[in-house]
Amino acid sequence: NRDGSYLMTNSNNGTSWTISGTKVFGIAIDGIAAVAILQSGAGYTGTLPARLSDSYYYVYLGVGSGEPSGGLADIYLARVPKASIGTKASYEYYNGTPPTESWTSSLGSKTSVFNDPNKFELHPTITYWPALDKFIMMSAHSTSKLGIFESDNPWGPWATLYYGDFRDSYWKFLYQGVQKWMGGGA
């Protein structure tokens, strides 16, 4: 939703969804919205590296519209206990310098975990790839551009794997690396 991030739930493996009405972040109030959640398998039950607590959801935040005319330059990272995803007061925000891990309860003290001066469009995807022990970020850039980045940590630093043209000239909402296709032989 363009005015913020709402919590949606389901109890049937994604067949249908219910909007709870809980707005966790509001653009007008917080100046920020959720743009992605770190993917680690179906139902968030996949493997995360032992160095990360699997009791958290890792939520990526963006400032701005994410529209082609505006775009996002910076991504921020928050974490929240899984049982408290709808409670803004439970969120902690990354405020270190990659690769150092550091968290604060102050939204105003957050620091960017990724910057693209060319800007990218709303909804990058970040997936943990267990076979490589890497986090892979994919993002759309303008009409038919693709950015693929990797990191050892969900907060960076990020290395560019590919940044350029994609296959056609159609606008893309998002690119996704699906963890179930990232097996040990990949």
What's the separation between atom [atom1] in [X] and atom [atom2] in [Y], rounded to the nearest 0.5 Å?
X      : Y      : atom1 : atom2 : value
Trp17  : Ser11  : CH2   : OG    : 10.0 Å
Ser139 : Ile148 : OG    : CD1   : 9.0 Å
Arg51  : Glu101 : CZ    : CD    : 9.5 Å

Heavy-atom side-chain proximity of [X] to [Y] below 4.5 angstrom:
X      : Y      : value
Lys110 : Ile32  : yes
Trp103 : Tyr94  : yes
Ile85  : Tyr91  : yes
Leu72  : Val35  : yes
Ile75  : Met137 : yes
Pro49  : Tyr128 : yes
Leu38  : Phe135 : yes

Contact summary for [X] and [Y], nearest pair of heavy atoms:
X      : Y     : result
Thr111 : Gly96 : OG1-O, 3.0 Å
Ser84  : Val80 : O-CG2, 3.4 Å
Pro154 : Tyr60 : O-OH, 2.6 Å

| request: Classify the side-chain pair Ser106/Thr104 by whether it contains a donor and acceptor separated by less than 3.5 Å. | output: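 Short answer, no.
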
| said: For Tyr56, does the six-membered ring have the charged nitrogen or CZ of Arg79 within the cation-pi criterion, i.e. under 6.0 angstrom from the centroid and within 45° of the normal? | reply: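 Yes, Arg79 lies over the aromatic ring of Tyr56.
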
| message | If the condition is salt bridge (Lys or Arg N to Asp or Glu O under 4.0 Å), which residues does Asp74 pass it with, not counting sequence neighbours? | response |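 So Asp74 forms no salt bridge (Lys or Arg N to Asp or Glu O under 4.0 Å) with any residue.
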
| In chain order, what residues pass the salt bridge (Lys or Arg N to Asp or Glu O under 4.0 Å) check against Asp116, with sequence neighbours excluded? |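 Applying salt bridge (Lys or Arg N to Asp or Glu O under 4.0 Å) to Asp116 gives none.
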
| Less than 4.0 Å between a side-chain N and a carboxylate O, is that true for Asp54 and Lys82? |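 Answer for the salt bridge query: no.
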
Sidechain-backbone polar pair: [X] side chain, [Y] backbone, donor-acceptor under 3.5 Å:
X      : Y      : value
Asp152 : Gly156 : no
Ser151 : Pro157 : yes
Trp129 : Ile136 : no
Glu92  : Ser90  : no

| query | So which of Tyr58, Phe149, Phe114, Trp158 actually passes side-chain contact (heavy atoms from CB on, under 4.5 Å) with Ile126? | reply |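 The passing option is Trp158.
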
| Which residues share a ring pair (Phe, Tyr, Trp, His ring centres under 6.0 Å) with Tyr162, sequence neighbours left out |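 Ring pair (Phe, Tyr, Trp, His ring centres under 6.0 Å) check on Tyr162 returns nothing, list empty.
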
| CA sep, side-chain torsions, deciding dist, call: Leu107, Asp30, side chain to side chain contact (heavy atoms under 4.5 Å, CB included) | CA-CA 8 Å; Leu107 177 62; Asp30 304 307; 4.0 Å; yes

| request: Before giving the answer on side-chain hydrogen bond (donor to acceptor under 3.5 Å, both in side chains), spell out for Asn95 and Ser109 the whole-Å C-alpha distance, their side-chain angles and the decisive distance to 0.1 Å. | output: CA-CA 6 Å; Asn95 73 333; Ser109 297; 5.5 Å; no

| Taking it one step at a time, do Thr100 and Ser102 satisfy side-chain hydrogen bond (donor to acceptor under 3.5 Å, both in side chains)? | CA-CA 6 Å; Thr100 304; Ser102 180; over 6 Å; no

